[in-house]
Undergrad: 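Below is a structure I'd like to ask you about.
Quick note: numbers below take in every heavy atom, side chains included, and nothing from hydrogens, waters or symmetry partners. Just so we're on the same page: letters track the sequence lines, and every chain starts at 1.
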Protein chains: 2
Amino acid sequence: MLGLLREPHSGYDIKKHFEQSLRNFWQAELSQIYPLLQKMEAEGLVRSRHGASDIGPTKRIYKRAQKGTKELHRWLEEGPIIGKDRISYLAQVYFLADLDDIDKAISYMKSLRDEITKKVAALEIIESNWRSNDTRYPNDLADEEFYPHLTLALGIKRLGATGEWCEDSLRKMQVRRRWTNAKRSQL
Amino acid sequence: MLGLLREPHSGYDIKKHFEQSLRNFWQAELSQIYPLLQKMEAEGLVRSRHGASDIGPTKRIYKRAQKGTKELHRWLEEGPIIGKDRISYLAQVYFLADLDDIDKAISYMKSLRDEITKKVAALEIIESNWRSNDTRYPNDLADEEFYPHLTLALGIKRLGATGEWCEDSLRKMQVRRRWTNAKRSQL
DNA sequence: AGCAACTATGTCAATACTTATATAGTTGGA
DNA sequence: TCCAACTATATAAGTATTGACATAGTTGCT
């Protein structure tokens, strides 16, 4: 949130950023955003002012204070935070054997593949819009776009790899099913 | 945890599983594990008994109850949980421009690359041990090993892709630095 | 004997996060 | 006119998670 508040934003705006560009690696609900903004203001990390809205109630616009910028830079200069990734569906794959039903496991993997395929397609559309909207692409992107674009590229690359892994796993699972059935009919 | 408790384990054992096989996609602290085991026992999802330890205090051994198995299967049959992934370092990359210092950004990316390289190496060692310890590899793995092995394979594949992306990004950043410096000296 | 490292269980306080709920104005369509 | 969808802020209750601390036995090294 400190990163986003280099530019002035309302809580509602911030939520939109989480739903759009940040969703590949982080998410937050409004009910987490609003109290956190208040807390950060109390700590002097951000400052707020009122802003009119074209529509709906008055906005409260937050912007990072000098102290907030310091804190953000401190965090960035600590170096990469690794080993805290969380991928929920892998926890499910890990225990798929428990179902004791390879057909259920295969349909799980198929729906995972389908979801991944959808997400890759969605990200590729975002990327192609980026290319066409910005004639300077790719070498002359502004700083504020360069790094977000890198994270998008990784998102696409990782999802692509994950999709391949799904196909690969499905093949292995199907071999396994045939093999298990053959073994069973020998009894 | 319900997945792990198909076999009897103590809280301490479970922590070790999180540190070993599960660490690529989930983690948990002992201070989360112990209270959760108690809660799950109160809910009838797991049962516990006492077990002697070769060393240290008496263990409390938990095992999944029928109700816990039902709950696990319900969760697995809900289908893949997607869009809740969390990758902390990408949040940092996204805001690297804020540092306003491409050299700092480049060293960030270099240390990210180094960490990724280390992790790939570590996972590859685990994978090669798997191959050599199990002569039946890869077609005849037991069910309980087949799916964990799939998640390991994805971990390696994704980290590999991430490593490539780091190199790629570093190249782009270095081009960018030269370009920015050239522009500056024109002034 | 002392100490570090490891096994083992647990609590407490604080922070992070989710889900449900309340409020209220605007826009556009049926 | 009503209703759905969207803009906009906020709180309450509950769950998840982390980090610090407390306790205690064992092993191996110095």
Undergrad: Return the angle between end axes of the helix from C:dA1-D:dT30 to C:dA30-D:dT1, with five pairs used per end and rounding to 10°.
TA: 20°
Undergrad: Taking all non-hydrogen atoms of both residues, which atom of B:G68 and which atom of B:L2 are closest, and how far apart?
TA: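 In terms of heavy atoms, the two residues are closest at O-CD1, 3.8 Å.
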Undergrad: Tell me which residues in residues 86-93 of chain B lie within less than 4.0 Å of DNA chain D, going by non-hydrogen atoms.
TA: none
Undergrad: Do NZ/NE/NH1/NH2 and the carboxylate oxygens of B:D13 and B:K16 come within less than 4.0 Å?
TA: no
Undergrad: Considering only heavy atoms of chain B and a distance under 4.0 Å, specify the first and last nucleotide of DNA chain C in 5' to 3' order that meet this criterion.
TA: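 Counting from the 5' end, contacts occupy C:dT7 to C:dC17.
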Undergrad: Counting just side-chain N and O atoms, does A:K15 come under 4.0 Å of either OP1 or OP2 of D:dA8?
TA: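 No, because none of the side-chain N or O atoms of A:K15 sits under 4.0 Å from OP1 or OP2 of D:dA8.
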Undergrad: Do B:K15 side-chain atoms and B:A28 backbone N/O form a donor-acceptor pair below 3.5 Å?
TA: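 Present.
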Undergrad: Distance-only, no hydrogens or angles: does the B:Q92 side chain make a donor-acceptor pair with backbone N or O of A:G79 under 3.5 Å?
TA: yes
Undergrad: Tell me: NZ of A:K16 to C1' of D:dA5, nearest whole Å?
TA: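 So the two atoms are 12 Å apart, to the nearest Å.
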Undergrad: Give a yes or no on whether B:R6 atom CZ has more than 12 heavy-atom contacts from other residues, nucleotides or ligands under 6.0 Å away.
TA: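 Yes, the 6.0 Å shell around CZ holds more than 12 heavy atoms from other groups.
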Undergrad: If I take atom CG from residue A:N24 and atom CG from residue A:L123, how far apart are they, to the nearest 0.5 angstrom?
TA: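 Taking CG in A:N24 and CG in A:L123, the distance rounds to 4.5 Å.
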Undergrad: Mark yes or no for whether B:K119, through its side chain, and B:G155, through its backbone, hold a donor-acceptor pair below 3.5 Å.
TA: no
Undergrad: Take B:E78 and B:R74, measure what salt bridge (Lys or Arg N to Asp or Glu O under 4.0 Å) needs, and give me the verdict at the end.
TA: CA-CA 6 Å; B:E78 270 177 2; B:R74 193 196 54 68; 2.5 Å; yes
Undergrad: Shortest non-hydrogen contact from A:W165 to B:T151?
TA: CZ2-N, 4.4 Å
Undergrad: In residues 58-81 of chain A, which residues come under 4.0 Å of DNA chain C by heavy atom?
TA: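 Heavy-atom contacts with DNA chain C come from no residue of residues 58-81 of chain A; none.
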Undergrad: Hey, any chance B:V46 and B:I61 share a hydrophobic cluster, counting ILVMFWY side chains that come within less than 4.5 Å of each other, even indirectly?
TA: no
Undergrad: Any residue in residues 17-36 of chain B with a heavy atom nearer than 4.0 angstrom to DNA chain C? Just list them by number, or reply none.
TA: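 Under 4.0 Å from DNA chain C: B:L30, B:S31, B:Y34.
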Undergrad: When you compare the side chain of A:M173 with that of B:F146, does any pair of heavy atoms fall below 4.5 Å?
TA: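 In contact.
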Undergrad: Which atom names give the shortest non-hydrogen contact between A:F95 and B:G3, and what distance separates them?
TA: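 Residues A:F95 and B:G3, closest heavy atoms: CE2-C, 3.3 Å.
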Undergrad: Please confirm whether the backbone N or O of A:I82 pairs with a side-chain atom of B:E115, one donor and one acceptor, at under 3.5 Å?
TA: no
Undergrad: According to side chain to side chain contact (heavy atoms under 4.5 Å, CB included), who are the partners of B:S88, at least two apart in sequence or on a separate chain?
TA: A:W26, A:I81, A:K84
Undergrad: Test salt bridge (Lys or Arg N to Asp or Glu O under 4.0 Å) on B:D98 and A:R64 and set out the steps.
TA: CA-CA 12 Å; B:D98 216 284; A:R64 201 201 285 161; 2.7 Å; yes
